[in-house]
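Because only heavy atoms are used, hydrogens play no part in the values below, and waters and symmetry mates are left out as well, while side chains stay in. Letters go in sequence order (proteins before strands), and every chain restarts at 1.
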Protein chains: 4
Amino acid sequence: MNAKRIAPLRRAVLEANLRLARSGLVFGTFGNVSGVDRDEGVFVIKPSGVPYGLLTPARMVPVSLETGEVLAGRLRPSSDTPTHRELYRAFDCGGIAHSHAESATTFAQARQPIRCMGTTHADYFRGDVPVTRPLTEAEVAKAYELHTGLVIVETFRTRGLSATDVPGVVVANHGPFTWGPDAHQAVENALVLEQLARMEIAQRIVAPDAPRPDPFLVEKHFTRKHGKSAYYGQQKKDVQ
Amino acid sequence: MNAKRIAPLRRAVLEANLRLARSGLVFGTFGNVSGVDRDEGVFVIKPSGVPYGLLTPARMVPVSLETGEVLAGRLRPSSDTPTHRELYRAFDCGGIAHSHAESATTFAQARQPIRCMGTTHADYFRGDVPVTRPLTEAEVAKAYELHTGLVIVETFRTRGLSATDVPGVVVANHGPFTWGPDAHQAVENALVLEQLARMEIAQRIVAPDAPRPDPFLVEKHFTRKHGKSAYYGQQKKDVQ
Amino acid sequence: MNAKRIAPLRRAVLEANLRLARSGLVFGTFGNVSGVDRDEGVFVIKPSGVPYGLLTPARMVPVSLETGEVLAGRLRPSSDTPTHRELYRAFDCGGIAHSHAESATTFAQARQPIRCMGTTHADYFRGDVPVTRPLTEAEVAKAYELHTGLVIVETFRTRGLSATDVPGVVVANHGPFTWGPDAHQAVENALVLEQLARMEIAQRIVAPDAPRPDPFLVEKHFTRKHGKSAYYGQQKKDVQ
Amino acid sequence: MNAKRIAPLRRAVLEANLRLARSGLVFGTFGNVSGVDRDEGVFVIKPSGVPYGLLTPARMVPVSLETGEVLAGRLRPSSDTPTHRELYRAFDCGGIAHSHAESATTFAQARQPIRCMGTTHADYFRGDVPVTRPLTEAEVAKAYELHTGLVIVETFRTRGLSATDVPGVVVANHGPFTWGPDAHQAVENALVLEQLARMEIAQRIVAPDAPRPDPFLVEKHFTRKHGKSAYYGQQKKDVQ
């Protein structure tokens, strides 16, 4: 591992972890964010159970994408590290965020997807955010966190979902994972997902059986912000 | 366009956008506020997808009320600009605000009006805040944002509603638009509408079928604050 | 009116209004708090529609308890002043607070009392907080705010309730009024009532038909804090 | 009592009380936290009804574990002191926290346990957080706060629950008590319990009859953080 080359990644991952903490989506030492450098074959993740106030770039733990080994320092990486690693191996993403955010976790505990009910959702997720099946006793007993990653990947594969189009999932009786092009975007998606989950809860009070938005409206909003025909936002050069 | 004459409008529209951001009704770069100078034939609106922290008066985008053309600068205006323009052309108002505020958006997703259930509502909106019909596939495919404006205007026309008496709407599966005499008041109405939507959600929990307030109570409160017989507040000269 | 003697009352009423504003229970210029000096025959109330940031002790409006006349200054008192005056005349209290706080107002709009479901409620209110009947068209048409006060008094009289034991009410389709020994305590009761209303809403979700607390538990908690056998808190001399 | 030896406990208990206050779980002077020094036979608790802003280490009240007597100072201890004392005598814990936190209190008022629905709960509580039976009239009439403690202990004894595995309870029509190895952890558990109660309320909206998490998942998460096979967090020496 080239320590110099991953220094900016460490800072970015620290900043993304702190943003998640500031957002109010985590309490105590819960939650973890990572980012990957695929050229280096390394991802960097929050250490396990260290208070957010004590985090520094040097305390962000580099882990080998290939072997799962810790590549520097004495701190243990987040206990969810094997989950992150499986997701990096299966999905084309640059950052991953995990929290026990209240409303998204409610859907995990309800074992229900967070349905796409409008354009706010469609701006970020191209359809429902799925829920995994529960893990079996064997999967929990041995390599639990690895199996958490595998069941997420299985969820996307068996349903033919694109992890780029739907950058998030809720793990049954556990909580949400989101991802994105980098650690910052993964946290952004975590914040948005929590907001969407809050609206889905309110929707169940107001009109649980309301009709879904038309598919062409969902497509319009997703493609307005993502892909070749996007027309939202600015050219980078016009806003420094 | 006379740049000097619209300078105060640019500052007012910036301030109104920042107020919307501070209120917690928007996340990320979502939400947009505009204000109009009808003598100049210009409205000024937030640029598309620029973080709130980077907004300046000079970055507020002036747009021709007649042609929809951007009149200065290189920044794209908000993607919702054609919606604002249609509303300025149809309604007698000086400012417009759009957000994806959680509770009002829930009603958009539920395709239900925000009902007038008490005097807090009647102080600002003379009756229910309506919901639009969903757009058709053709309306979404071409000039989507223009059609969003048109369907709002259609909603008011076909139901015989006054945009002055009811300065807001929820667009089906999208979110709320509010307006007012200026950009500041449009944001004020956005904040109030969110509060009313929150109470309507709680009302569905406590007593979904509670009787409506008597029409004479609604009239009393609206006219106590609006129009010729208003007696709320002070003479301007007594409070600088 | 002796301006010097009511100066401390003005400051106390200002402070209580600002506390209500800081609490988040009001938005915009909504809400009003007053306090009375019965020896002087004067109560002092917030001016109508003045932003909280512009309030000063001198802008608090003194009103005659006997005639309802404004006794000093050019500012109009709160439009709810006649309601406050009726309550001071009927009830033995030193301060009154009115807000459109979200959850208490939900019960006003639902035309339902805020039920006593536990000891938190019983620590402050000796039983359910009642809801008034709706006003008639005649009562709204003429001297509306006076009739709001009268219907509150009627609610307590016809049900044999003590305004000292139950220092609050929700006015149908309007919102809560609370009172207490002084303006500060009236606001304290407003904050507590909102908290109780929030729990009553959550209770409707979890167990709408849960049994009521036993009357002896309610009595125990109310008398633990109020009246001759109170044993909560300290002797004043031990905590300056 | 050795005043010097309990000085650090007084500071720790003050800090834990202030943390509870900052958390927003208490309003006014509500809520109280204590900590015990079993070698000294003393527990230290917040004084009754003193505003949080006036608390100092010297004002934390030391009480004899054996006799219940106040051992120093003129301030009365929290009115809930006899409850704390019973819990210290029955349970192996070092700190206790009591609040009327909104969502946990809702379950107290609903007389329902806070069910274990996922891993967030299982990380802290090994199964449902139980609710006590209501107290009888005789128990309320005499030594009410003592009986509150006794009914908590009875709840754990009759159901065969371990107070170490399940460090919290909701007292019927009253509110939650939590405990832990020290005062700080007791508050931590209070904050977590409130979060779990919030999710349980949301769960009732989304899917009240959702299946429970598998017991092996609950066990996995509890033992991942607690006991001999815990692997969450760091060696103390690696993070100062």
Worksheet item: Any idea which of A:Gln112, A:Arg111, A:Glu200 has the most non-hydrogen atom pairs under 4.5 angstrom with chain D?
Response: A:Arg111

Worksheet item: For the candidates A:Ala172, A:Pro47, A:Ala110, which exhibits the highest count of non-hydrogen atom pairs separated by less than 4.5 Å from chain D?
Response: A:Ala110

Separation of [Y] [atom2] from [X] [atom1] (nearest 0.5 Å):
X	Y	atom1	atom2	result
D:Leu217	A:Glu137	CG	CD	10.5 Å
A:Ser79	D:His221	OG	NE2	8.0 Å
D:Met199	A:Glu102	CE	CD	7.0 Å
A:Thr105	D:Leu196	OG1	CG	10.0 Å

Per-residue contact mode, [X] against chain A (heavy atom under 4.5 angstrom):
X	answer
D:Arg224	side chain
D:Asp209	neither
D:His121	neither
D:Gln203	both

Worksheet item: What is the minimum heavy-atom distance between D:Asp214 and A:Leu135, and which atoms define it?
Response: OD2-O, 4.1 Å

Fill in: Heavy-atom pair with the smallest gap, counting every atom of A:Tyr144 and D:Lys220
CB-CE, 3.6 Å

Worksheet item: Is a side-chain donor or acceptor of A:Arg204 paired with a backbone partner of D:Ala207 at a separation under 3.5 angstrom?
Response: no

Discussion item. For the backbone of D:Met117 and the side chain of A:Asn173, can you confirm whether one donor and one acceptor N or O come within less than 3.5 Å of each other?
Written reply: yes

Item to complete: Count the heavy atoms belonging to other residues, nucleotides or ligands that lie under 6.0 Å from CG of D:Asp165, then report whether that count exceeds 12.
Response: yes

Item to complete: With a 4.5 angstrom heavy-atom cut-off, could you sort out which part of A:Thr56 is near chain D: side chain, backbone, both or neither?
Response: neither

Item to complete: For the residue pair A:Phe30 and D:Tyr124, categorise the inter-ring angle as parallel (less than 30°), tilted (30 to 60°) or perpendicular (more than 60°).
Response: parallel

